[in-house]
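The figures that follow rest on heavy atoms only: side chains count, while hydrogens, waters and symmetry mates do not. This structure is a prediction, so every number in the text was calculated from the model and none was measured.
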Amino acid sequence: MFASSPFRLIIPAILAAFFLIPSTAFAHPHAFVAADVSFVFDEEGLAGIHQRWDMDEMLTASILDLIQKYDDGPLTPAEAKAVESESFKLIKEYDYFTHIRIDGKPFRVQWATDFKVELNDRKMVWHFTIPCHVKASDRDREIVVGVFDDSFYTFVTYASENGHQIDPTADPLYLNADAPPSPDDFQRFSSHVQLGSFSGTIRTAGPTDRFELRTNVRTMPSMAYYYEQIVPEALIVNFRRP
């Protein structure tokens, strides 16, 4: 819920640099991420969930300012390490915005691995994997994954073959410091940026031919957030041994 957003608990200097102006500043959302999600399998079943996050220009600029990078060159190893320690690791406490259910039961994300960061046309891109081991069996196993910030400070959309698919600048209150946060923020934002349902391909990787797989997208009322207004879509994979 908005009133208990965890970002109010982080010191202002960090807030200003990662998704990140104090939430009383202006209308939500403030930052934008396109998440490309892939279910990664090994010989036993599901091994983890790989994500690629493409960030908007304003969020990228904030993180670059935090690590004091002001040139146009690629990230150096030291700069990449600073991004990981001063930005990425901060969201561990918030489960990396990744909400998982295994066979209907919540799975708490505790860590992420294989973090990499790059700059692509002056936009920051993160790569990381959420370990989530689910052994295949003769019965159907179901994995539900929703990627969202339940404070609505950051808006996450699923990337598809056609890219991000929304233009946040179409919101008339985009970065308007005179507009305070409001329960009506999502209604305003969604109508102006014309949010639609995810229509891309749900990605899988690894030895998937060892299993019977089905994938689909489903709206999840039980995951509703931000005054219960936002009902997120979740990416779902069902698998079993043949």
Side-chain angles (χ1 to χ4, degrees), residues 6 33-55 77 80-81 83-85 87-118 120 124-150 154 156-163 197-225 231-242:
V33 171
D36 190 321
V37 179
S38 180
F39 294 87
V40 181
F41 286 80
D42 61 17
E43 298 294 326
E44 297 296 320
L46 184 71
I49 296 146
H50 180 267
Q51 298 188 50
R52 167 182 168 143
W53 285 11
D54 287 76
M55 301 179 179
K81 190 68 175 178
V83 171
E84 180 177 13
S85 63
S87 289
F88 178 69
K89 287 186 176 180
L90 296 180
I91 60 171
K92 176 182 179 180
E93 187 174 349
Y94 315 115
D95 306 335
Y96 302 96
F97 296 170
T98 304
H99 307 259
I100 301 174
R101 293 178 183 173
I102 300 174
D103 297 333
K105 297 179 180 180
F107 171 81
R108 177 70 185 272
V109 175
Q110 299 185 43
W111 63 84
T113 63
D114 305 321
F115 177 78
K116 296 179 182 179
V117 57
E118 60 183 307
N120 184 1
M124 188 165 287
V125 181
W126 287 0
H127 304 261
F128 61 96
T129 299
I130 303 291
C132 181
H133 296 275
V134 181
K135 190 173 182 179
S137 70
D138 294 336
R139 65 180 180 87
D140 212 35
R141 309 300 305 268
E142 180 178 80
I143 313 301
V144 176
V145 176
V147 184
F148 56 87
D149 168 18
D150 59 13
T154 304
V156 181
T157 184
Y158 297 120
S160 70
E161 292 84 352
N162 298 322
S197 298
F198 175 72
S199 58
T201 301
I202 297 178
R203 303 181 190 278
T204 59
T208 56
D209 57 347
R210 295 180 59 88
F211 312 103
E212 294 179 358
L213 291 178
R214 303 190 315 276
T215 61
N216 67 92
V217 181
R218 186 188 310 159
T219 57
M220 298 294 293
S222 60
M223 288 184 172
Y225 63 98
V231 179
E233 290 184 322
L235 308 180
I236 300 169
V237 62
N238 295 82
F239 66 98
R240 61 184 299 166
R241 293 198 181 278

Checklist outcome for this item: For Phe128 and Ile130, the nearest pair of non-hydrogen atoms, with its separation, is CE1-CD1, 3.9 Å
Checklist entry - Roughly how far, to the nearest 0.5 Å, is CG of Asp140 from CD of Glu212? => result 8.5 Å
Checklist entry - Is Tyr96 reaching over with its side chain to a backbone N or O of Thr129, donor-acceptor style, under 3.5 angstrom? => result no
Item to check | Salt bridge present between Asp138 and Arg240 (N-O < 4.0 angstrom) | outcome: no
Checklist entry - When you measure from the side chain of Glu233 to the backbone N and O of Phe198, does any donor-acceptor pair fall under 3.5 Å? => result yes
Checklist outcome for this item: Smallest heavy-atom separation, Leu46 atom then Phe239 atom, equals N-CZ, 3.9 Å
Checklist entry - Is there side-chain contact between Thr215 and Thr201, with heavy atoms separated by less than 4.5 Å? => result no
Item to check | side chain to side chain contact (heavy atoms under 4.5 Å, CB included) between Phe115 and Val83, intermediate numbers included | outcome: CA-CA 10 Å; Phe115 177 78; Val83 171; 4.2 Å; yes
Checklist outcome for this item: Separation between CE (Met124) and CD (Glu118), nearest 0.5 Å, reads 10.0 Å
Checklist outcome for this item: Heavy-atom nearest pair, Val109 first then Thr98, reads CG2-O, 3.5 Å
Checklist entry - Are Arg101 and Met220 close enough, and set up right, to give a side chain to side chain contact (heavy atoms under 4.5 Å, CB included), and what steps lead you there? => result CA-CA 11 Å; Arg101 293 178 183 173; Met220 298 294 293; 3.7 Å; yes
Item to check | Interatomic distance, His50 atom NE2 to Thr113 atom OG1 [nearest 0.5 angstrom] | outcome: 8.5 Å
Checklist entry - If you take all heavy atoms of Asp42 and Ala47, which pair is closest and at what distance? => result OD2-CB, 3.7 Å
Next on the checklist: Using side chain to side chain contact (heavy atoms under 4.5 Å, CB included), reason through Val145 and Gln51 one step at a time and then give a plain yes or no.
Outcome noted: CA-CA 11 Å; Val145 176; Gln51 298 188 50; 5.5 Å; no
Item to check | Distance in Å, Phe107 CZ paired with Ile143 CD1, rounded so as to fall on 0.5 Å steps | outcome: 9.0 Å
Checklist entry - When rounded to the nearest 0.5 angstrom, what distance separates OG1 in Thr154 from CE in Met55? => result 9.0 Å
Checklist entry - In terms of ring plane angle, is the pair Phe211 and Phe41 parallel, tilted or perpendicular, where the classes change at 30° and 60°? => result tilted
Checklist outcome for this item: Residues Arg108 and Glu93: closest non-hydrogen pair is NH2-O, 3.8 Å
Next on the checklist: Any salt bridge linking Asp54 with Arg52? Criterion: basic side-chain nitrogen under 4.0 Å from a carboxylate oxygen.
Outcome noted: yes
Next on the checklist: Just verifying a value: how many Å separate Ser197 OG and Arg218 CZ, rounded to the nearest 0.5 Å?
Outcome noted: 14.0 Å
Next on the checklist: Is any side-chain heavy atom of Ile102 closer than 4.5 Å to one of Arg141?
Outcome noted: yes
Next on the checklist: Applying side chain to side chain contact (heavy atoms under 4.5 Å, CB included) to Lys116 and Glu84, what does each step give before you reach the verdict?
Outcome noted: CA-CA 8 Å; Lys116 296 179 182 179; Glu84 180 177 13; over 6 Å; no
Checklist entry - Ile202 and Val217: which non-hydrogen atoms are nearest, and at how many Å? => result CD1-CG2, 3.8 Å
Checklist entry - Trp53 vs Phe97 aromatic rings, parallel, tilted or perpendicular, using cut-offs 30° and 60°? => result parallel
